[in-house]
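Notes to accompany the following structure.
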Amino acid sequence: MIIKPKFRGFICTTSHPVGCAHSVQEQINYVKRQKPIQGPKNVLVIGASTGYGLASRIVATFGSGASTLGVFLEKPASNGNTATAGWYNTAAFEAAATEAGYYAKSINGDAFSDQVKEQTIALIKEELGQIDLVVYSIAAPRRTHPVSGETFTSVIKPIGDSFTSKTVDMNSNEIVDVTLEPASEQEIRSTVAVMGGEDWERWIHLLKEADVLAPGATTISYSYIGPKITYPIYKEGTIGRAKDHLYTTSKEINKHIENINGRAFVAVNKALVTQASAAIPVVPLYLMLLARVLGKKGLDENCIEQMYRLLASRLYNTENSPNEDHLIRIDDYEMQNDVQAEVSALWEKVCIGEIDIVQDLEKYRKEFFKLFGFGFDDVHYEEDVKEDVSILSIKS
Ligand code: NAI
């Protein structure tokens, strides 16, 4: 099959297996060039197939020599459709990890369900014994509650007032105005149910109850704060409310795992092009300007650089270990005053049509399509490739 990108809405509906493998290999190569980390040895990554979760898994394996178990929700190829990018990423990651002598197994299923939690615990008991790091990196549009059976759908909306801003229309490549109406109480509640901390807490409770958390185990989940420009749609919107809940939950989890000397953290990461962030209005335009400023200052990072820095210089660095508020700021370059001042100035100019962002848009689109394995110089996209790729260990 010759695979071309097919763009719909804010998603690419095809993925390229060779391109995804290339992207995973680039990330592995990056980690191998860095200093080894005296870090975790048995790691569970929930949301392990793309973005920050995949990068965390790669850093744990190739940076710290860890055995990893990955949980995610992806689709294999079927009926002439390609698999999802996360499927191809995992196939490539597992092949590379196994070849390098590392344990790597995966479970494809709904992480919000108790069934997948039980399956994961059984696999840990059988093959790993105990886990010393649990990364919770889920970004999902909906969640069915394992007890009540209620299905919640998350929305990205402001709270209180409507919000009008510039945004990029990815179909027409134009800068347009978007107005987002405020969320209802039910929408706020649903977004917190999907993207807040309840499921993370349930995972940790069940893992602890099953005695598969090692003494001193660490757990971490990811959040975002960002600048004032995006506050109405992020920090002060429905997703921000969910992230507040995630942070409050981290304190509960801390108490719960205190007696095994466990630690729970929330890391505030940098804004980056991922499948999840592409779906948030306004954010892609901010990302383009941010990349321009950080690039000029030599401070731009991708998921893999962020996750390496998180593990190497914060989570497992005894000289700079996180303090007792259990909030790790790895968005420090993004939030530097000089960076934000330049981004704000550019934002003003974009709003009055004073600057041209054709190149920034082109760069953003390139990064976006790379998430699906397209646009790598070394990959021959005219060649026929096998779309039906298997993951070595898959359980679903
Ligand atoms: P992503 O879309 O690249 O990855 C999401 C992961 O969740 C994938 O592995 C997917 O398979 C998995 N997933 C989704 N629904 C699932 C389900 N029901 N069961 C099992 N797995 C499921 O997202 P990204 O951007 O890496 O986000 C991860 C976390 O990082 C999120 O909490 C997000 O809010 C946070 N974050 C993201 C930032 C960004 O700019 N992308 C910035 C700061 C934090």
Side-chain angles (χ1 to χ4, degrees), residues 10-12 15 20 23 44-58 70-75 83-90 93 106-117 119-120 135-146 151-154 156 191 194-197 199-200 203 220-226 230 234-235 237-240 242-247 249-250 266-280 282-284 286-287 290-291 301-304 306-307 310 328-331 334-335 364 367-368 370-372 391 396:
F10 47 76
I11 199 84
C12 182
S15 304
C20 288
S23 155
L44 168 63
V45 183
I46 304 157
S49 52
T50 54
Y52 275 123
L54 171 66
S56 309
R57 189 176 193 188
I58 294 174
V71 178
F72 47 77
L73 190 59
E74 301 292 347
K75 282 195 192 131
T84 51
W87 180 275
Y88 291 141
N89 288 341
T90 305
F93 166 78
S106 305
I107 292 177
N108 186 32
D110 180 9
F112 296 133
S113 71
D114 278 358
Q115 191 202 347
V116 162
K117 292 181 178 74
Q119 209 181 341
T120 307
V135 175
Y136 188 86
S137 185
I138 296 271
R142 70 190 63 81
R143 167 179 174 226
T144 298
H145 197 281
T151 297
F152 300 98
T153 301
S154 67
I156 309 283
T191 308
V194 180
M195 290 298 288
D199 184 60
W200 180 26
W203 268 100
I220 190 155
S221 189
Y222 301 139
S223 185
Y224 181 65
I225 295 176
T230 60
Y234 204 101
K235 183 172 180 292
T238 47
I239 182 79
K243 293 299 184 188
D244 289 346
H245 185 265
L246 189 79
Y247 183 51
T249 307
S250 71
V266 167
V268 181
N269 298 347
K270 168 187 186 278
L272 268 172
V273 188
T274 65
Q275 293 188 40
S277 66
I280 306 177
V282 185
V283 166
Y286 166 72
L287 276 171
L290 179 68
E301 292 178 312
N302 231 315
C303 288
I304 198 70
Q306 276 267 294
M307 293 300 95
L310 173 65
I328 301 175
R329 300 297 297 258
I330 206 81
D331 62 342
E334 171 180 355
M335 298 314 291
Y364 177 87
E367 283 303 310
F368 175 81
K370 278 184 169 178
L371 301 175
F372 304 89
I391 298 178
S396 43

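Read the numbers this way: they start at 1 and go in the same order the structure lists the ligands and their atoms. Just so we're clear, the structure is a prediction, and the values are computed from it rather than from any experiment.
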Do me a favour and list the nearest non-hydrogen protein atom to [atom] with residue, atom name and distance?
| atom | result |
| --- | --- |
| atom 12 (C) of ligand 1 | Gly47 CA, 3.8 Å |
| atom 23 (O) of ligand 1 | Ala276 CB, 3.5 Å |
| atom 24 (P) of ligand 1 | Thr274 OG1, 3.8 Å |
| atom 4 (O) of ligand 1 | Thr50 OG1, 3.0 Å |
| atom 31 (C) of ligand 1 | Ile138 O, 3.5 Å |
| atom 9 (O) of ligand 1 | Ser49 OG, 2.7 Å |
| atom 14 (C) of ligand 1 | Ala139 O, 3.3 Å |
| atom 11 (O) of ligand 1 | Glu74 OE2, 2.9 Å |

What I want to check is whether the side chains of Glu74 and Ser49 have a donor and an acceptor closer together than 3.5 Å.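 Ser49 and Glu74 do have a side-chain donor-acceptor pair below 3.5 Å.
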Those atoms of ligand 1 less than 4.0 Å from some heavy atom in [X]:
| X | answer |
| --- | --- |
| Phe112 | 18 (N) |
| Tyr222 | 30 (O), 32 (O), 35 (C) |
| Asn269 | 43 (C) |
| Ser277 | 40 (O), 41 (N) |
| Ala271 | 40 (O) |
| Ala48 | 9 (O) |
| Gly51 | 3 (O), 26 (O) |
| Leu272 | 39 (C), 40 (O), 41 (N) |

Gly109 touching ligand 1 at heavy-atom level, < 4.0 angstrom: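 Contact check Gly109 vs ligand 1: positive.
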Looking at ligand 1, does Gly86 have a heavy atom less than 4.0 Å from it?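 Heavy atoms of Gly86 never come under 4.0 Å of ligand 1.
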Nearest 0.5 Å, what's the CG-NZ distance between Asp114 and Lys117?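 Interatomic distance, Asp114 CG to Lys117 NZ, rounded to 0.5 Å: 5.5 Å.
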Minimum side-chain heavy-atom gap [X]-[Y] below 4.5 Å:
| X | Y | answer |
| --- | --- | --- |
| Lys243 | Val268 | no |
| Thr50 | Phe72 | no |
| Met307 | Ser137 | no |
| Trp87 | Lys75 | no |

Minimum heavy-atom distance [X]-[Y], with the two atoms named:
| X | Y | answer |
| --- | --- | --- |
| Gly51 | Thr274 | CA-CG2, 4.2 Å |
| Lys270 | Glu301 | NZ-O, 3.1 Å |
| Val283 | Thr230 | CG2-CG2, 4.4 Å |
| Tyr222 | Ser56 | OH-OG, 2.8 Å |
| Tyr224 | Tyr286 | OH-CE2, 3.3 Å |
| Ile11 | Phe372 | CD1-CZ, 4.1 Å |

Can you say whether the rings of Tyr136 and Trp200 are parallel (under 30°), tilted (30 to 60°) or perpendicular (over 60°)?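 Ring orientation, 0 to 90° scale: parallel.
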Using heavy-atom distances, let me know which of [options] sits nearest [atom].
| atom | options | result |
| --- | --- | --- |
| atom 37 (C) of ligand 1 | Trp87, Tyr224, Tyr52 | Tyr52 |
| atom 19 (N) of ligand 1 | Ala111, Ala279, Ser223, Ser56 | Ala111 |
| atom 6 (C) of ligand 1 | Ser137, Ala267, Gly53 | Ser137 |

Say whether Asp110, considering both its backbone and side-chain N or O atoms, lies within less than 3.5 Å of an N or O atom on ligand 1.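 N/O-N/O distance under 3.5 Å: yes.
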Do any nitrogen or oxygen atoms of Lys243 come within less than 3.5 Å of a nitrogen or oxygen of ligand 1?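 Among all N and O atoms of Lys243, at least one is under 3.5 Å from an N or O of ligand 1.
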Classify the contact between [X] and ligand 1 as side chain, backbone, both or neither, using a heavy-atom distance cut-off of under 4.0 Å.
| X | result |
| --- | --- |
| Ser221 | neither |
| Cys303 | neither |
| Lys270 | backbone |
| Leu73 | both |

